[in-house]
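Accompanying notes for the structure given below.
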Amino acid sequence: MTPDIILDTNVVLDWLVFEHASGLAIGQAVTEGRVRWIVSPAMQDELVDVLGRLLYLPTLVRWSARHVPAMAAVQAWSRSVPPPGPLPHGERLRCTDPDDQCFIDLAVARRTPWLVTRDHALRRLARRARPLGVAVLTPEAWADMQPVPSP
């Protein structure tokens with residue numbers, strides 16, 4: 001069975017817009033079917049909003065040509081899952097950034113092996129998420145723990 005992975009919005013931007021090496025490595029794992037990228041409706045809404053900013057935000061407009069391909073990739077490669085219900089008391093991890101709460105909630109509810117993020121508020125939950133079956137880590141740390149393909 002293909003393991004699930006949750007990517008925060010900045011990691012998706014690294015992959016689909018900015019083409020950073022760490023983002024590309026995760027994207028390759030997604031497109032090769034080594035992991036299944038899951039998103040809740042809240043995550044999907046955030047992705048659409050942030051990618052839409054490529055079309056008008058002065059600091060991002062230089063990447064506007066990547067808007068349509070990025071939206072198509074999100075549609076092709078992300079797998080929508082229902083939002084989690086309320087978590088049991090011992091599994092509720094509170095993120096200091098309310099916009100990122102949906103990421104940790106979904107990861108814990110589904111026991112997603114990896115929540116890949118650069119976000120400090122999410123990374124601060126890593127120690128508490130580990131016993132719940134979730135590794136919260138940076139794209140570089142995720143890439144470092146992947147097996148090296150054999151020749």
Name the atoms and distances for all side-chain donor-acceptor pairs under 3.5 Å in residues 16-27, with sequence neighbours left out.
from: H20; atom 1: ND1; to: D14; atom 2: OD1; distance (Å): 3.0
from: S22; atom 1: OG; to: R118; atom 2: NH2; distance (Å): 2.8
from: S22; atom 1: OG; to: E140; atom 2: OE2; distance (Å): 3.4

Closest heavy-atom pair and its distance - T138, V116: C-CG1, 3.8 Å

Contacts of type side-chain hydrogen bond (donor to acceptor under 3.5 Å, both in side chains), residue [X], not counting sequence neighbours:
X    : answer
T31  : none
N10  : none
R128 : none

CA sep, side-chain torsions, deciding dist, call: I5, I38, side chain to side chain contact (heavy atoms under 4.5 Å, CB included): CA-CA 6 Å; I5 192 168; I38 61 171; over 6 Å; no

Listed once per pair and sorted, the ring-ring contact (aromatic ring centres under 6.0 Å, His included) pairs that draw on residues 80-109, sequence neighbours left out: none

ring-ring contact (aromatic ring centres under 6.0 Å, His included) pairs, two or more places apart, involving residues 35-54: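 Passing the test, one end in residues 35-54: W15-W37.
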
D4: salt bridge (charged side-chain N to carboxylate O under 4.0 Å, His left out) partners, not counting sequence neighbours: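 R36, R110.
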
Residues that R130 engages under salt bridge (charged side-chain N to carboxylate O under 4.0 Å, His left out), provided they are two or more places apart: none

Side chains of [X] and [Y] in contact at under 4.5 Å (non-hydrogen atoms):
X    : Y    : answer
V11  : W142 : no
L93  : L132 : yes
V136 : V134 : yes
I104 : L122 : yes

Salt bridge (charged side-chain N to carboxylate O under 4.0 Å, His left out) contacts in which one or both residues fall within residues 91-107, not counting sequence neighbours: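 Qualifying pairs: E91-R111.
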
Name each donor-acceptor pair under 3.5 Å that joins a side chain in residues 70-88 to protein atoms two or more places apart or in another chain, with its distance.
from: S78; atom 1: OG; to: V74; atom 2: O; distance (Å): 2.6
from: R79; atom 1: NH1; to: A76; atom 2: O; distance (Å): 3.0
from: R79; atom 1: NH2; to: A76; atom 2: O; distance (Å): 3.2

Donor-acceptor contact below 3.5 Å, side chain T117 vs main chain D119: yes

Identify all side-chain donor-acceptor contacts of residues 48-63 below 3.5 Å with residues at least two apart in sequence or on another chain.
from: D49; atom 1: OD2; to: R53; atom 2: NE; distance (Å): 3.4
from: D49; atom 1: OD2; to: R53; atom 2: NH2; distance (Å): 2.6

Atom pair CZ (R66) and CG (L13), whose distance is rounded to the nearest 0.5 Å: 11.5 Å

Interatomic distance, D45 atom CG to M43 atom CE [nearest 0.5 angstrom]: 11.5 Å

For P69, all residues meeting side-chain contact (heavy atoms from CB on, under 4.5 Å), sequence neighbours excluded: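 Residues passing side-chain contact (heavy atoms from CB on, under 4.5 Å) with P69: none at all.
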
Side-chain donor-acceptor pair present, R34, T2, cut-off under 3.5 Å: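 R34 vs T2: no donor-acceptor pair found between side chains.
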
